[in-house]
Amino acid sequence: HRNNGCAEITRKINRLNPLPSSQAIHFFIFKKFIPNDLKYLSEFLPPESIQKIRTLPKFHCLYYNSDTEETKIGYISKL
């Protein structure tokens, strides 16, 4: 299946169903500091990304592309 979109939004990332996450390409991850959340993310993100997630300022996120393994920090403007 191609060109299907789905968004999962949660505050507790370690409680997400693993199926949609395993098939996702684009991730936008905001600041996390709870050990269980970081442990879950470390299963598929590079170690340097985990440290970045812990220190993100307000309104910023880490973008991760699972196809290319590209990561970058993005700014989400206030609404």
Side-chain angles (χ1 to χ4, degrees):
H1 301 116
R2 298 194 58 81
N3 299 323
N4 292 328
C6 176
E8 282 191 286
I9 301 171
T10 184
R11 291 183 69 162
K12 299 295 294 169
I13 195 163
N14 65 330
R15 293 187 182 166
L16 282 176
N17 184 321
L19 182 61
S21 299
S22 69
Q23 297 177 354
I25 296 172
H26 305 284
F27 293 83
F28 297 88
I29 303 166
F30 292 86
K31 185 175 184 173
K32 299 285 180 204
F33 55 87
I34 297 173
N36 286 341
D37 293 342
L38 296 170
K39 181 179 176 185
Y40 175 81
L41 290 169
S42 70
E43 293 177 13
F44 62 91
L45 288 177
E48 61 274 6
S49 296
I50 301 300
Q51 183 57 34
K52 290 177 185 177
I53 290 169
R54 293 175 63 125
T55 59
L56 285 170
K58 282 186 175 184
F59 308 110
H60 286 74
C61 68
L62 178 108
Y63 167 76
Y64 175 67
N65 182 313
S66 63
D67 276 352
T68 64
E69 297 187 0
E70 170 193 15
T71 62
K72 56 184 163 182
I73 303 298
Y75 175 77
I76 307 299
S77 63
K78 296 185 221 179
L79 298 175

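The residues of the chain are indexed from 1 along the displayed sequence.
With sequence neighbours excluded, the residues satisfying side chain to side chain donor-acceptor pair (under 3.5 Å) with His26 are Tyr63. Every salt bridge (Lys or Arg N to Asp or Glu O under 4.0 Å) that Lys72 has, sequence neighbours left out, goes to Glu70.
Atom NZ of Lys58 is separated from atom CG of Leu56 by 13.5 Å, given to the nearest 0.5 angstrom. Remark: Ile53 CD1 to Tyr64 OH distance equals 10.5 Å, nearest 0.5 Å. Here Ile73 contributes atom CD1 and His60 contributes atom NE2; the two are 8.0 Å apart, rounded to the nearest 0.5 Å.
Nearest heavy-atom pair, Ser66 versus Ala24, reported as atom, atom and distance to 0.1 Å: OG-O, 2.8 Å. Here the shortest heavy-atom pairing between Ile76 and Cys61 reads CD1-SG, 4.1 Å.
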Kindly list each side-chain donor-acceptor pair under 3.5 angstrom involving residues 27-51, sequence neighbours excluded, with atom names and distances?
unit_1 : atom_1 : unit_2 : atom_2 : d
Lys32  : NZ     : Arg11  : O      : 3.2
Ser42  : OG     : Lys39  : O      : 2.6

